[in-house]
Amino acid sequence: MNLEQLRSFVEVARFGNFTRAAEELYLAQPSLSRQIAALEHELGAELFHRARGGSTLTVAGESLLPLARRMLADAESVRRELAELAGLERGRVRLGATPTLCISLVAEVLSAFHAAHPAIELHLTEHGSRRLLDELAGGELDLALITTSDAAAAERFTVTPLLVEELVVISSAAAPPVTARDTIALDEVAALPQIVFSSSYDLRSTTDAAFRTSGLTPEVVLEGAEMDAVLRFVERGLGVAIVPAMVLIDRPGLRSVRLEGPQLGPSDVSGSALSRTISVARPADVAPTAAVEVMRRTITAGATAFAARAGATMRVAEPGD
(Lines give C-alpha, C1' and ligand atoms only; values in the text may rest on other atoms or scores of the structure.)
Protein backbone atom coordinates (compact mmCIF):
# COMPACT_ATOMS: atom_id res chain seq x y z
CA MET A 1 0.00 0.00 0.00
CA ASN A 2 1.40 3.39 -1.00
CA LEU A 3 0.22 6.99 -0.99
CA GLU A 4 -0.49 7.03 -4.72
CA GLN A 5 -2.82 4.05 -4.37
CA LEU A 6 -4.61 5.61 -1.41
CA ARG A 7 -4.97 8.92 -3.23
CA SER A 8 -6.48 7.17 -6.23
CA PHE A 9 -8.86 5.24 -3.99
CA VAL A 10 -10.07 8.41 -2.22
CA GLU A 11 -10.65 10.24 -5.51
CA VAL A 12 -12.66 7.37 -7.03
CA ALA A 13 -14.74 7.23 -3.85
CA ARG A 14 -15.29 11.00 -4.05
CA PHE A 15 -16.45 11.04 -7.67
CA GLY A 16 -17.96 7.55 -7.87
CA ASN A 17 -16.42 7.34 -11.30
CA PHE A 18 -13.01 6.07 -12.49
CA THR A 19 -12.91 8.41 -15.51
CA ARG A 20 -13.49 11.61 -13.53
CA ALA A 21 -11.07 10.54 -10.81
CA ALA A 22 -8.37 9.88 -13.43
CA GLU A 23 -8.91 13.35 -14.89
CA GLU A 24 -8.65 14.93 -11.44
CA LEU A 25 -5.37 13.10 -10.78
CA TYR A 26 -3.99 13.73 -14.29
CA LEU A 27 -3.67 9.98 -14.79
CA ALA A 28 -4.64 7.74 -17.67
CA GLN A 29 -7.67 5.70 -16.66
CA PRO A 30 -5.88 2.33 -17.18
CA SER A 31 -3.14 3.48 -14.75
CA LEU A 32 -5.75 4.45 -12.18
CA SER A 33 -7.53 1.12 -12.59
CA ARG A 34 -4.25 -0.76 -12.10
CA GLN A 35 -3.53 1.16 -8.87
CA ILE A 36 -6.97 0.31 -7.45
CA ALA A 37 -6.62 -3.33 -8.52
CA ALA A 38 -3.18 -3.56 -6.88
CA LEU A 39 -4.56 -2.06 -3.67
CA GLU A 40 -7.47 -4.52 -3.63
CA HIS A 41 -5.09 -7.40 -4.22
CA GLU A 42 -2.83 -6.27 -1.38
CA LEU A 43 -5.77 -5.89 1.03
CA GLY A 44 -7.48 -9.06 -0.16
CA ALA A 45 -10.86 -7.38 -0.64
CA GLU A 46 -12.80 -5.53 -3.30
CA LEU A 47 -13.23 -1.84 -2.55
CA PHE A 48 -15.78 -0.85 -5.19
CA HIS A 49 -18.94 -2.22 -6.73
CA ARG A 50 -18.27 -1.45 -10.40
CA ALA A 51 -21.31 -0.77 -12.61
CA ARG A 52 -22.01 0.98 -15.89
CA GLY A 53 -23.52 3.98 -14.06
CA GLY A 54 -20.59 4.40 -11.66
CA SER A 55 -18.73 2.83 -8.76
CA THR A 56 -19.83 2.60 -5.15
CA LEU A 57 -17.92 1.54 -2.07
CA THR A 58 -18.13 -1.94 -0.72
CA VAL A 59 -18.20 -2.57 3.05
CA ALA A 60 -14.41 -2.96 2.92
CA GLY A 61 -14.15 0.28 0.94
CA GLU A 62 -16.28 2.14 3.48
CA SER A 63 -14.02 0.89 6.28
CA LEU A 64 -10.86 1.95 4.43
CA LEU A 65 -12.03 5.43 3.38
CA PRO A 66 -11.63 7.30 6.72
CA LEU A 67 -8.29 5.57 7.35
CA ALA A 68 -7.04 6.50 3.89
CA ARG A 69 -8.09 10.13 4.31
CA ARG A 70 -6.30 10.30 7.66
CA MET A 71 -3.12 8.75 6.26
CA LEU A 72 -3.10 11.21 3.36
CA ALA A 73 -3.70 14.13 5.72
CA ASP A 74 -0.85 13.00 7.98
CA ALA A 75 1.47 12.64 4.99
CA GLU A 76 0.59 16.14 3.80
CA SER A 77 1.19 17.54 7.27
CA VAL A 78 4.64 15.96 7.40
CA ARG A 79 5.44 17.18 3.89
CA ARG A 80 4.37 20.73 4.75
CA GLU A 81 6.33 20.78 8.01
CA LEU A 82 9.51 19.56 6.31
CA ALA A 83 9.05 22.08 3.51
CA GLU A 84 8.62 24.89 6.04
CA LEU A 85 11.72 23.85 7.92
CA ALA A 86 13.74 23.59 4.72
CA GLY A 87 12.50 27.01 3.66
CA LEU A 88 13.12 28.48 7.12
CA GLU A 89 9.45 29.27 7.58
CA ARG A 90 9.51 27.65 11.01
CA GLY A 91 12.16 26.79 13.55
CA ARG A 92 14.15 28.01 16.52
CA VAL A 93 17.72 29.10 17.18
CA ARG A 94 19.12 29.38 20.71
CA LEU A 95 22.28 31.47 20.58
CA GLY A 96 24.63 32.27 23.44
CA ALA A 97 27.23 35.04 23.39
CA THR A 98 29.51 37.00 25.68
CA PRO A 99 28.50 40.54 26.74
CA THR A 100 31.04 42.28 24.48
CA LEU A 101 29.75 40.34 21.48
CA CYS A 102 26.10 40.99 22.35
CA ILE A 103 26.52 44.76 22.01
CA SER A 104 28.49 44.53 18.77
CA LEU A 105 28.66 41.53 16.44
CA VAL A 106 25.56 39.73 17.72
CA ALA A 107 23.35 42.82 17.41
CA GLU A 108 24.12 43.07 13.69
CA VAL A 109 23.93 39.31 13.09
CA LEU A 110 20.50 38.95 14.70
CA SER A 111 19.20 42.00 12.85
CA ALA A 112 20.29 40.55 9.50
CA PHE A 113 18.99 37.06 10.31
CA HIS A 114 15.59 38.27 11.50
CA ALA A 115 15.16 40.47 8.43
CA ALA A 116 15.77 37.46 6.17
CA HIS A 117 13.89 34.86 8.25
CA PRO A 118 11.29 36.64 10.42
CA ALA A 119 9.38 33.46 11.28
CA ILE A 120 12.33 31.82 13.05
CA GLU A 121 12.08 31.99 16.85
CA LEU A 122 15.24 33.49 18.35
CA HIS A 123 16.55 33.06 21.90
CA LEU A 124 19.66 34.87 23.15
CA THR A 125 21.64 34.03 26.29
CA GLU A 126 24.36 36.39 27.58
CA HIS A 127 27.10 34.88 29.77
CA GLY A 128 30.84 34.40 29.95
CA SER A 129 32.46 31.80 27.69
CA ARG A 130 32.77 29.07 30.32
CA ARG A 131 29.11 29.31 31.31
CA LEU A 132 28.06 29.31 27.65
CA LEU A 133 30.01 26.11 27.02
CA ASP A 134 28.32 24.47 30.00
CA GLU A 135 24.91 25.40 28.60
CA LEU A 136 25.91 24.21 25.14
CA ALA A 137 26.97 20.85 26.59
CA GLY A 138 23.71 20.65 28.53
CA GLY A 139 21.58 21.08 25.42
CA GLU A 140 20.34 24.53 26.41
CA LEU A 141 21.96 26.26 23.39
CA ASP A 142 22.37 25.48 19.70
CA LEU A 143 25.34 27.78 19.11
CA ALA A 144 27.67 29.78 21.32
CA LEU A 145 29.95 32.67 20.45
CA ILE A 146 32.88 32.33 22.82
CA THR A 147 36.12 34.20 23.39
CA THR A 148 38.19 31.44 24.93
CA SER A 149 39.69 28.31 23.43
CA ASP A 150 39.14 26.08 26.46
CA ALA A 151 36.96 23.67 24.49
CA ALA A 152 38.81 23.76 21.18
CA ALA A 153 40.15 20.22 21.61
CA ALA A 154 37.17 18.76 23.44
CA GLU A 155 35.38 16.01 21.56
CA ARG A 156 31.95 17.23 22.61
CA PHE A 157 32.24 20.55 20.73
CA THR A 158 32.95 21.70 17.21
CA VAL A 159 34.71 25.06 17.61
CA THR A 160 35.37 27.26 14.58
CA PRO A 161 37.56 30.38 15.01
CA LEU A 162 36.02 33.46 13.38
CA LEU A 163 38.01 36.54 14.35
CA VAL A 164 41.25 37.54 16.03
CA GLU A 165 41.05 41.00 17.56
CA GLU A 166 43.18 43.21 19.75
CA LEU A 167 42.25 44.55 23.12
CA VAL A 168 42.73 48.32 22.96
CA VAL A 169 42.79 51.18 25.45
CA ILE A 170 39.82 53.51 25.14
CA SER A 171 39.36 57.04 26.42
CA SER A 172 36.87 59.86 25.95
CA ALA A 173 37.01 61.53 22.53
CA ALA A 174 36.25 64.82 24.33
CA ALA A 175 39.40 64.57 26.46
CA PRO A 176 43.05 64.92 25.35
CA PRO A 177 44.58 61.70 23.96
CA VAL A 178 46.28 59.50 26.57
CA THR A 179 49.40 59.42 24.40
CA ALA A 180 50.75 61.19 21.34
CA ARG A 181 52.03 57.89 19.93
CA ASP A 182 50.16 55.28 17.92
CA THR A 183 50.60 52.71 20.68
CA ILE A 184 50.80 52.67 24.47
CA ALA A 185 52.77 50.38 26.79
CA LEU A 186 51.06 48.34 29.48
CA ASP A 187 53.00 50.08 32.26
CA GLU A 188 51.71 53.44 30.99
CA VAL A 189 48.16 52.11 31.05
CA ALA A 190 48.61 50.92 34.64
CA ALA A 191 49.31 54.50 35.72
CA LEU A 192 46.06 55.83 34.19
CA PRO A 193 42.75 55.89 36.10
CA GLN A 194 40.96 52.74 34.99
CA ILE A 195 37.41 51.43 34.90
CA VAL A 196 37.46 47.64 35.17
CA PHE A 197 34.83 45.03 34.50
CA SER A 198 32.98 42.69 36.79
CA SER A 199 35.03 39.69 37.93
CA SER A 200 32.62 37.45 36.00
CA TYR A 201 33.97 38.76 32.68
CA ASP A 202 36.58 36.68 30.85
CA LEU A 203 38.00 40.02 29.74
CA ARG A 204 38.67 40.99 33.37
CA SER A 205 40.61 37.75 33.93
CA THR A 206 42.69 38.39 30.82
CA THR A 207 43.67 41.94 31.73
CA ASP A 208 44.32 41.09 35.39
CA ALA A 209 46.65 38.30 34.29
CA ALA A 210 48.51 40.64 31.91
CA PHE A 211 49.15 43.21 34.64
CA ARG A 212 50.12 40.53 37.14
CA THR A 213 52.57 38.88 34.72
CA SER A 214 54.19 42.27 34.10
CA GLY A 215 54.41 43.00 37.84
CA LEU A 216 52.03 45.95 37.52
CA THR A 217 49.19 47.18 39.71
CA PRO A 218 46.66 49.27 37.77
CA GLU A 219 45.16 52.49 39.17
CA VAL A 220 41.47 51.52 39.46
CA VAL A 221 38.84 54.24 39.94
CA LEU A 222 35.76 52.07 39.38
CA GLU A 223 35.41 48.30 39.57
CA GLY A 224 32.67 45.81 38.78
CA ALA A 225 30.87 47.55 35.90
CA GLU A 226 29.13 45.84 32.99
CA MET A 227 30.15 46.56 29.40
CA ASP A 228 27.53 49.22 28.60
CA ALA A 229 28.32 51.07 31.81
CA VAL A 230 32.08 50.93 31.22
CA LEU A 231 31.71 52.48 27.78
CA ARG A 232 29.46 55.26 29.09
CA PHE A 233 31.77 56.07 32.00
CA VAL A 234 34.76 56.27 29.65
CA GLU A 235 32.83 58.52 27.27
CA ARG A 236 32.22 60.89 30.17
CA GLY A 237 35.90 61.02 31.03
CA LEU A 238 35.83 59.08 34.30
CA GLY A 239 38.80 56.96 33.24
CA VAL A 240 40.17 54.61 30.59
CA ALA A 241 39.40 50.95 29.97
CA ILE A 242 40.83 48.00 28.08
CA VAL A 243 38.19 46.60 25.74
CA PRO A 244 37.90 44.51 22.57
CA ALA A 245 38.43 46.53 19.40
CA MET A 246 35.00 45.69 17.97
CA VAL A 247 33.08 47.70 20.60
CA LEU A 248 34.57 50.87 19.11
CA ILE A 249 32.61 50.47 15.89
CA ASP A 250 29.95 53.20 15.58
CA ARG A 251 30.97 54.85 18.89
CA PRO A 252 32.25 58.34 17.99
CA GLY A 253 32.39 59.36 21.67
CA LEU A 254 35.38 57.09 22.23
CA ARG A 255 38.94 57.06 20.92
CA SER A 256 41.33 54.14 21.12
CA VAL A 257 45.02 53.43 21.10
CA ARG A 258 46.68 50.08 20.46
CA LEU A 259 48.69 48.32 23.13
CA GLU A 260 52.37 47.79 22.41
CA GLY A 261 53.41 44.23 21.81
CA PRO A 262 56.16 42.24 20.11
CA GLN A 263 56.50 43.01 16.39
CA LEU A 264 53.35 45.09 16.37
CA GLY A 265 52.79 46.41 12.85
CA PRO A 266 49.95 48.10 10.99
CA SER A 267 48.24 44.81 10.10
CA ASP A 268 49.68 42.47 12.74
CA VAL A 269 46.80 41.76 15.12
CA SER A 270 48.44 38.73 16.72
CA GLY A 271 51.47 40.83 17.65
CA SER A 272 49.60 43.10 20.05
CA ALA A 273 50.16 42.92 23.79
CA LEU A 274 46.68 41.51 24.31
CA SER A 275 44.39 39.82 21.80
CA ARG A 276 41.58 37.31 21.77
CA THR A 277 40.08 34.80 19.36
CA ILE A 278 36.32 34.78 18.81
CA SER A 279 34.91 31.39 17.88
CA VAL A 280 31.53 29.83 17.23
CA ALA A 281 30.91 26.53 19.02
CA ARG A 282 28.22 23.88 18.62
CA PRO A 283 27.72 20.36 20.02
CA ALA A 284 29.76 17.87 18.01
CA ASP A 285 27.24 15.05 18.42
CA VAL A 286 24.10 16.95 17.35
CA ALA A 287 23.32 17.62 13.69
CA PRO A 288 22.31 21.29 13.28
CA THR A 289 18.84 22.09 12.00
CA ALA A 290 18.45 24.13 8.82
CA ALA A 291 17.77 27.27 10.87
CA VAL A 292 20.84 26.75 13.07
CA GLU A 293 23.07 26.17 10.04
CA VAL A 294 21.83 29.36 8.37
CA MET A 295 22.46 31.24 11.62
CA ARG A 296 26.02 29.88 11.69
CA ARG A 297 26.61 31.11 8.14
CA THR A 298 25.09 34.50 9.02
CA ILE A 299 27.47 34.78 11.99
CA THR A 300 30.46 33.94 9.79
CA ALA A 301 29.46 36.55 7.21
CA GLY A 302 28.88 39.13 9.93
CA ALA A 303 32.29 38.45 11.45
CA THR A 304 33.98 38.92 8.09
CA ALA A 305 32.19 42.25 7.60
CA PHE A 306 33.23 43.38 11.09
CA ALA A 307 36.88 42.59 10.36
CA ALA A 308 36.73 44.71 7.22
CA ARG A 309 35.32 47.67 9.17
CA ALA A 310 37.70 47.40 12.13
CA GLY A 311 40.90 47.80 10.14
CA ALA A 312 44.25 46.90 11.69
CA THR A 313 42.90 45.82 15.08
CA MET A 314 40.95 42.83 13.79
CA ARG A 315 41.32 40.11 11.16
CA VAL A 316 39.47 37.00 10.02
CA ALA A 317 40.78 33.94 11.85
CA GLU A 318 42.97 31.51 9.96
CA PRO A 319 43.46 27.74 10.50
CA GLY A 320 45.49 27.27 13.64
CA ASP A 321 44.24 30.42 15.43
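What you see below is based on every heavy atom in this structure, not just the backbone, and it leaves out hydrogens, waters and symmetry mates.
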Is any side-chain heavy atom of [Y] closer than 4.5 Å to one of [X]?
{"X": "I195", "Y": "V240", "answer": "no"}
{"X": "L143", "Y": "M295", "answer": "yes"}
{"X": "P177", "Y": "R255", "answer": "yes"}
{"X": "L72", "Y": "R7", "answer": "yes"}
{"X": "L145", "Y": "T98", "answer": "no"}
{"X": "T300", "Y": "L162", "answer": "yes"}
{"X": "P193", "Y": "L238", "answer": "no"}
{"X": "F211", "Y": "Q194", "answer": "yes"}

When you check the gap from the basic side-chain N to the acidic O, do [X] and [Y] get nearer than 4.0 Å?
{"X": "D134", "Y": "R130", "value": "no"}
{"X": "E166", "Y": "R258", "value": "yes"}
{"X": "E135", "Y": "R131", "value": "yes"}
{"X": "R20", "Y": "E24", "value": "no"}
{"X": "R232", "Y": "E235", "value": "no"}

Should the heavy atoms of other residues, nucleotides or ligands under 6.0 Å from CD of E46 be counted, would the total exceed 12? no
More than 12 heavy atoms from other groups under 6.0 Å of NE2 on H123: yes
Does [X] reach the main-chain N or O of [Y] with its side chain, forming a donor-acceptor pair under 3.5 Å?
{"X": "R282", "Y": "L136", "result": "no"}
{"X": "T213", "Y": "A210", "result": "no"}
{"X": "E165", "Y": "M246", "result": "yes"}

For the pair L167 and V243, evaluate side chain to side chain contact (heavy atoms under 4.5 Å, CB included) and give the outcome as yes or no after the intermediate values. CA-CA 5 Å; L167 302 183; V243 300; over 6 Å; no
Can you label the angle between the F9 ring and the F48 ring as parallel, tilted or perpendicular, going by 30° and 60°? tilted
Hey, what's the ring geometry for Y201 with F197, parallel, tilted or perpendicular (30° and 60° as the breaks)? parallel
Measure the spacing between CG of L6 and CD of Q35 and express it to the nearest 0.5 Å. 10.0 Å
I need the single residue from L47, L57, T58, V59 that forms a side-chain contact (heavy atoms from CB on, under 4.5 Å) with L64. Which is it? L47
Modelled atom types, side-chain donor and acceptor of S129 and R276, under 3.5 Å: no
Closest approach of L141 and T125, non-hydrogen atoms and distance? CD2-OG1, 3.7 Å
Honestly curious: do [X] and [Y] fall in one hydrophobic cluster under the side-chain, below-4.5 Å linking rule?
{"X": "V189", "Y": "V220", "value": "no"}
{"X": "I36", "Y": "L65", "value": "yes"}
{"X": "L259", "Y": "V230", "value": "yes"}

